Amino acid sequence: MPDLLFAQSYYLRFDPKLWEAMQPYPPLGTLYAASYARSKGYSVALFDSMLAESENEWASALDQHKPKYAIIFEDNFNYLSKMCLSRMRQAAFTMIEMAKARGCAVILCGADATDHRDLYLQQGADYVLLGEGEITLVELLDSLDGRSNQPLDGILGLAFKGQISNIKLQTSNSELQSPITNYQLLITNPRPDIRDLDSLPFPAWDLVDVARYRKIWRERHGYYSMNMVTTRGCPYHCNWCAKPIWGQRYNSRSPENVVREMKWLKENFAPDHIWFADDIMGLKPNWLERFAELIREHDALIPYKCLQRADLINGKTAKALADSGCKTVWLGAESGSQKILDAMDKGDKVQDIYDAARLLHQHNIQAGFFLQFGYPGETWDDIQLTLKMVRECQPDDIGISVSYPLPGTKFYERVKMELGEKQNWIDSDDLAVLYHAPYPQEFYRALHSRVHYEFRLRRTLNNLTGLRDLSGLARKLIGVPKNLFGMIRTDMKLRRLAAVETAPTKARSRPTATITR
């Protein structure tokens, strides 16, 4: 019987768009926490909600393992956990209730729990780990189990219900007293980040049903992909990006440590591909170059994809990425308008995006663009600049979103008075505009389709070059009329919506496309 049952509350089944895409990865952050706790002498088990059908499977896992502690430790390397989708928050609440009904002490860790610890404590959680959770978790368990004499209010990075002690705690008047349950919320001082990431044990992959993941990937995509991280955090200041776990800090594993893990994964699980889930991989000077050397030296090469900033891609880094096995780089391009990039505090230039795409393609690396529409002040002309950028850079893939206000960001503070009752997306395909964007909701849904239609059309036409197989040519041409007419139709809709929204006779309940706030 394990002491600890770990889980997360992100269920792929509850996210229809990504369930259809079916590219599942186990919760890496949860696996790190389980591995760390086990290294400190605790017996652990994992409930992997990623492929579960519902919270009822969590109840079954609780009945099977009968743990003393139920630990819902979110995967902080999953960007959707950072976005705090409301369906997943409800899943966490249900999981808390199920665990409490079985007599477990319930411990939470994650972005949403850090931002809204009072909500989770009101739902019955006993403790919330604030920020990075591994060390806080073990200190808490040691205190609760009598392995140490450390009082709860002396454990850094912890929120819980209780009586105020003589030790000064970080709190605010609004958080100190809950109007609903009349308890006192105690919040201890913040915990410093783990700087020596090499000291952490590798994730507890032995707890994962790897065979099931491999089967899904190979059947759906023809290859098997696993996930890794080389860093924690991001030092840049994009004002819409929430950083409740690591703030502006950035800590990196050594290339030697990362290659050692890749070699271990290759020997034990033989993945065909790696997804590096870092916010930014290889930011430290010469990190990528050393990584590429070690990969070849230790025969640890596995094709991979990663995220990078456009202004970090130069000839040297592009070559190092290629030499180390990189096949795809996703760039946070966001916008083709310098005005919007500056408003976002991105810190890079539109030209950087053009240069990065060109350099990646020169080294036979695919470029993916993340695009973001609806940022305050974005006009029709700004949108056209973004379409122009996609047209001219010819990325190999795109991901489109509307600006999303997350607590703790400057962007959130700017628009929070405009937010209604709904402040989170239900799932990743929601795309609701939660504030008074320059255009109405219908415009951005049409824009999402418009960009994809043109992207797919141009990609198909580009792929026809040099194609001599007539049957292959026919197959590729099938989608051309659909994408062409879809592009024309949605473009007409966009122009109509933009004209209506900016008409001088319209009563303006929201900022128009010509107003810069």
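This one's a predicted model, so the numbers in the text were calculated from it and none came from an experiment.
Ion pairing of Arg232 with Glu134 is present here, as a side-chain N (NZ or NE/NH1/NH2) and a carboxylate O approach within less than 4.0 Å. Ion pair Glu267/Lys263 flagged as a salt bridge, since at least one NZ, NE, NH1 or NH2 atom sits closer than 4.0 Å to an Asp/Glu carboxylate oxygen. Using a cutoff of 4.0 Å between basic side-chain nitrogens and carboxylate oxygens, Lys68 and Asp3 are not scored as salt-bridged. In summary, Arg102 and Asp63 engage in a salt bridge, as defined by a charged side-chain N under 4.0 Å from a carboxylate O. A salt bridge is defined here as a Lys NZ or Arg NE, NH1 or NH2 lying under 4.0 Å from an Asp or Glu carboxylate O, and Lys410 with Glu413 fails to meet this definition.
Closest non-hydrogen pair, Cys326 versus Ile365, comes out as O-CG1, 3.6 Å. When all heavy atoms of Ser428 and Leu80 are compared, the pair lying nearest together is CB-CD2, 3.9 Å. Taking both residues in full, the closest heavy atoms of Asp272 and Ile302 are given as C-CG2, 4.0 Å, listed atom of the first, atom of the second, then distance. The minimum heavy-atom distance linking Phe6 with Thr30 is given by the pair CB-CG2, 3.9 Å.
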Tyr69 vs Asp145, side chain to side chain contact (heavy atoms under 4.5 Å, CB included): CA-CA, chis, key distance, verdict: CA-CA 11 Å; Tyr69 300 100; Asp145 274 4; 2.5 Å; yes
query: Step by step, would you call Tyr10 with Asp15 a side-chain hydrogen bond (donor to acceptor under 3.5 Å, both in side chains)?
result: CA-CA 9 Å; Tyr10 181 83; Asp15 201 334; 2.9 Å; yes
- prompt: Checking side chain to side chain contact (heavy atoms under 4.5 Å, CB included) for the pair Asp345/Cys238: CA distance, chi angles, key distance, verdict?
  reply: CA-CA 5 Å; Asp345 296 327; Cys238 304; 5.9 Å; no
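Side-chain atoms of Gln372 and Ser401 include no donor-acceptor pair closer than 3.5 Å. Between the side chains of Asp126 and Tyr120, not a single donor N or O lies within less than 3.5 Å of an accepting N or O. Between the side chains of Thr188 and Asp153, not a single donor N or O lies within less than 3.5 Å of an accepting N or O. For the residue pair Glu132 / Trp246, a side-chain donor-acceptor distance below 3.5 Å is found, with atom types taken as modelled. Between the side chains of Asn239 and Tyr375, a donor-acceptor pair is found at a separation under 3.5 Å. Defined by atom type and a distance below 3.5 Å, a donor-acceptor pair is missing between the side-chain atoms of Ser225 and Tyr213.
For the atom pair Met88 CE and Asn78 CG, the distance stands at 9.0 Å (nearest 0.5 Å). Rounding to the nearest 0.5 angstrom, the gap separating the CG atom in Asp142 from the OG atom in Ser148 is 5.0 Å. One finds the NE2 atom of His237 at 7.0 Å from the NZ atom of Lys243 (value rounded to the nearest 0.5 Å). Expressed to the nearest 0.5 Å, how far CD1 of Ile72 lies from CG of Leu129 amounts to 11.5 Å. The SG atom of Cys234 lies 4.0 Å from the CD1 atom of Ile280; values are rounded to the nearest 0.5 Å.
Sorted by first and then second residue, the salt bridge (Lys or Arg N to Asp or Glu O under 4.0 Å) pairs involving residues 188-200 (not counting sequence neighbours) are Glu139-Arg191, Asp193-Arg249. Judged as a side chain to side chain donor-acceptor pair (under 3.5 Å), the pairs with a partner in residues 199-211 (not counting sequence neighbours) are, in order, Arg38-Asp206.
Ring-centre distance between Trp425 and Tyr404: below the 6.0 Å cut-off. Side-chain rings of Phe276 and Tyr304 approach one another, their centers coming within less than 6.0 Å.
The side-chain hydrogen bond (donor to acceptor under 3.5 Å, both in side chains) test applied to Glu20 returns no partner, not counting sequence neighbours. Every residue two or more places apart in sequence or in another chain that forms a side-chain hydrogen bond (donor to acceptor under 3.5 Å, both in side chains) with Asp430 is listed here: Lys422. For Lys305, the side-chain hydrogen bond (donor to acceptor under 3.5 Å, both in side chains) test picks out no residue, with sequence neighbours left out. In this structure, the ring pair (Phe, Tyr, Trp, His ring centres under 6.0 Å) partners of Phe47, at least two apart in sequence or on a different chain, are Trp58.
The aromatic rings of Trp217 and Tyr25 sit tilted relative to each other, their planes meeting at an angle between 30° and 60°. In this pair, Tyr127 and Phe160 present their aromatic rings tilted. The plane angle is within the 30 to 60° band. A tilted orientation is assigned to the rings of His448 and His452, their planes being inclined by 30° to 60°. Between Phe411 and Tyr435, the ring planes are perpendicular. Angles over 60° get that label, and only those under 30° would be called parallel.
A side-chain donor-acceptor contact under 3.5 Å links Asp75 to the backbone of Leu28. Under the 3.5 Å distance criterion, the side-chain polar atoms of Gln308 are left unmatched by any main-chain donor or acceptor of Leu331. Without hydrogens or angle criteria, Asn424 side chain to Ser86 main chain gives no donor-acceptor distance under 3.5 Å.
Both cation-pi conditions hold for Arg87 and Phe14: the charged atom is under 6.0 angstrom from the six-membered ring centre and inside a 45 degree cone around its axis.
Partner Arg13 forms a salt bridge (charged side-chain N to carboxylate O under 4.0 Å, His left out) with one of Glu55, Glu57, Glu53 and no other, that one being Glu53.
The number of heavy atoms from other shown groups lying within 6.0 Å of CD (Gln23) is above 12.
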